[in-house]
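The block underneath contains the structure these notes are about, expressed in structure tokens.
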There are 2 protein chains.
Amino acid sequence: MNAPVRKPKSAAGTRSDSVYAGLRRAIIEQALMPGDKLTEDVIGDRFGVSRTIVRTALARLHAEGLVDMQPNKGATIAQPSLSEAQDVFETRMCLERQVLVRLAEKVTNADIERLQQHVDLETKANAHDGPAAIRLAGEFHILLASLSGNGVLARYVDEVVSRCSLILALYSRPHSSDCSINEHQQIIDALRVRNSQAAIDAMDHHLKAVTDRALLSSNSDKHRDIRSILDRYAS
Amino acid sequence: MNAPVRKPKSAAGTRSDSVYAGLRRAIIEQALMPGDKLTEDVIGDRFGVSRTIVRTALARLHAEGLVDMQPNKGATIAQPSLSEAQDVFETRMCLERQVLVRLAEKVTNADIERLQQHVDLETKANAHDGPAAIRLAGEFHILLASLSGNGVLARYVDEVVSRCSLILALYSRPHSSDCSINEHQQIIDALRVRNSQAAIDAMDHHLKAVTDRALLSSNSDKHRDIRSILDRYAS
DNA sequence: GGGTGATAATTTGTATACATTTATGCATAC
DNA sequence: GTATGCATAAATGTATACAAATTATCACCC
């Protein structure tokens with residue numbers, strides 16, 4: 001019976017930030033699945049904080065579309081409808097195109113080196129660590145966006161990419177990373193020669209492929225125990 | 001000495017929603033100006049709620065970029081830097097273009113009628129109600145986005161439009177609505193004939209004009225009394 | 001007059017208490 | 001066996017209490 005102990009608390013920041021980050025990672029790595037109940041007391045116990053803190057974190061995740069909240073009934077991991085999913089993908093494509101427009105005109109060799117290193121990391125993780133591979137695939141897009149130098153754009157990309165994890169968890173086959181590393185490589189290659197149109201085309205192709213890979217078998221295993229899952233994320 | 005009384009509470013929803021909405025409106029109508037301190041107790045008194053509720057509302061406004069928060073030092077109305085301002089405008093243009101792409105292919109006559117009514121409203125307000133005119137000008141863009149049918153896109157447009165209010169409060173002359181109603185009319189006219197390119201061109205022109213109108217005189221009157229301002233927004 | 005430091009008053013961060021709402025369990029009835 | 005109600009437990013919404021941090025006040029000194 002997992003003991004409700006507080007972990008030694010590694011990274012600081014305000015406490016709610018670390019709860020937020022932990023939950024977010026659990027969602028993105030698909031450890032917490034759409035529909036899972038997020039009881040405030042349970043989360044508070046696992047992270048060693050009060051409900052006040054948990055509530056702040058949940059509200060933030062709700063604002064980002066990662067958790068659903070019903071008045072007096074609490075929070076659950078969001079279950080985006082197909083229509084919402086389409087909206088997310090459309091918006092994501094719009095945003096990521098703009099990222100590439102910006103990047104093509106301002107990307108440095110150092111930036112490209114960083115991107116390349118990330119893809120190499122993805123390749124390694126893809127072999128043996130499923131959850132990390134999922135997360136890294138998303139983080140490639142987030143890295144791209146942050147290199148664009150536009151913080152607002154980067155934040156929105158971050159959000160839609162996270163929500164895509166959720167969507168893929170719902171509509172795609174489980175634990176496939178859904179981002180072909182080869183497609184990421186093509187984007188880097190286009191950026192390396194500052195060919196913005198080629199980069200955008202590669203991104204369009206990539207995102208369309210991800211979208212298509214969705215809409216497959218939905219996996220639903222019930223009776224999931226949030227306690228044991230959260231132990232791994234209450235860092 | 002303004003009495004700290006709770007108002008009769010009109011619109012429901014959760015309590016923090018109404019605090020959020022009230023503060024947001026005060027910011028958008030430029031009643032609260034960039035840099036103004038947002039003391040939790042003061043806001044709580046004005047809205048008749050506890051700090052818990054205020055805190056939730058402030059956190060949400062912070063996530064949307066409308067208020068700055070420093071650890072242990074509380075919240076102030078955000079003061080976007082010029083660089084942030086450029087990021088917001090760039091992102092806004094990207095998003096609103098997509099809105100028009102969608103609208104040009106799916107807009108109904110009823111939608112156009114609603115848009116026209118809104119612009120008529122703007123015209124009326126422009127004559128005598130300064131703050132309302134500012135708000136209505138922004139709401140035209142929000143209405144456009146919501147008619148696009150893409151909720152995600154609409155939420156992001158909502159956010160960047162709000163932040164533009166803040167930016168114009170900082171960098172433009174005070175209390176000018178900054179949205180020429182004529183330019184809104186041109187966008188409607190283009191949509192009426194389903195000419196997406198003309199609509200996008202009109203929007204580009206409009207947003208460029210708004211951007212240009214910024215970067216003018218910065219107004220800074222200090223010693224503002226939040227209490228008296230909030231009385232009008234604690235509905 | 002203007003700087004300096006100790007002290008008091010605010011203000012924030014977090015936990016806890018309590019009321020209200022929702023979910024659960026169990027006995028009874030059909 | 002399934003359904004209905006009530007009693008109980010659990011979870012949420014909000015306010016409040018208290019510690020820690022910040023800011024303001026003011027006497028003191030140069």
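Proteins get letters first, then strands, A, B, ... in listed order; numbering begins at 1 in each. Bear in mind that the values here come from a model prediction, so they are computed numbers and not experimental data.
Taking every side-chain heavy atom of Glu40(A) into account, dT12(D) is the closest of dT12(C), dT12(D), dT23(D). In the set dC18(D), dA15(D), dC18(C), dA15(D) carries the atom at the smallest distance from any side-chain atom of Val49(B). The Lys73(B) side chain lies nearest to dT22(D) when the options are dA15(C), dA23(C), dT22(D). Comparing dT16(C), dT12(D), dT23(D) by their nearest atom to the side chain of Ser50(A) picks out dT16(C). Distance from the side chain of Thr39(A) is smallest to dT12(D) among dT14(D), dT22(C), dT12(D).
Rounded to an integer number of Å, the gap from CG of Leu58(A) to P of dA11(D) is 14 Å. When rounded to the nearest whole Å, the span between CG of Asn72(A) and P of dC18(C) equals 20 Å. The distance from atom CG of Asp41(B) to atom P of dT23(D) is 16 Å, rounded to the nearest whole Å. Across the protein-nucleic acid pair, Asp45(B) atom CG and dA15(D) atom C1' stand 13 Å apart, rounded to whole Å. For Arg15(B) and dT20(C), the CZ to C1' distance is 12 Å, given to the nearest whole Å.
Within the structure, a side-chain polar atom (N or O) of Lys37(A) is placed less than 4.0 Å from OP1 or OP2 of dT12(D).
Residues Pro71(A) and Arg51(A) each lie close to DNA chain C; by heavy-atom proximity, the contact nearer the 5' end of the strand is made by Arg51(A).
Between Asp158(A) and Arg163(A) no salt bridge is recorded (no basic side-chain N to carboxylate O distance below 4.0 Å).
Between Phe140(B) and His184(B), the ring planes lie parallel to each other; the angle is under 30°, not in the 30° to 60° tilted range.
Within 4.0 Å of Thr52(B), counting heavy atoms only, lies at least one base atom of the nucleic acid.
The one candidate from Leu58(A), Leu166(A), Ile77(A), Leu32(A) that meets the side-chain contact (heavy atoms from CB on, under 4.5 Å) condition with Leu66(A) is Leu166(A).
Although no hydrogens or angles enter the test, the distance criterion places no donor-acceptor pair under 3.5 Å between the side chain of Asp87(A) and the main chain of Glu84(A).
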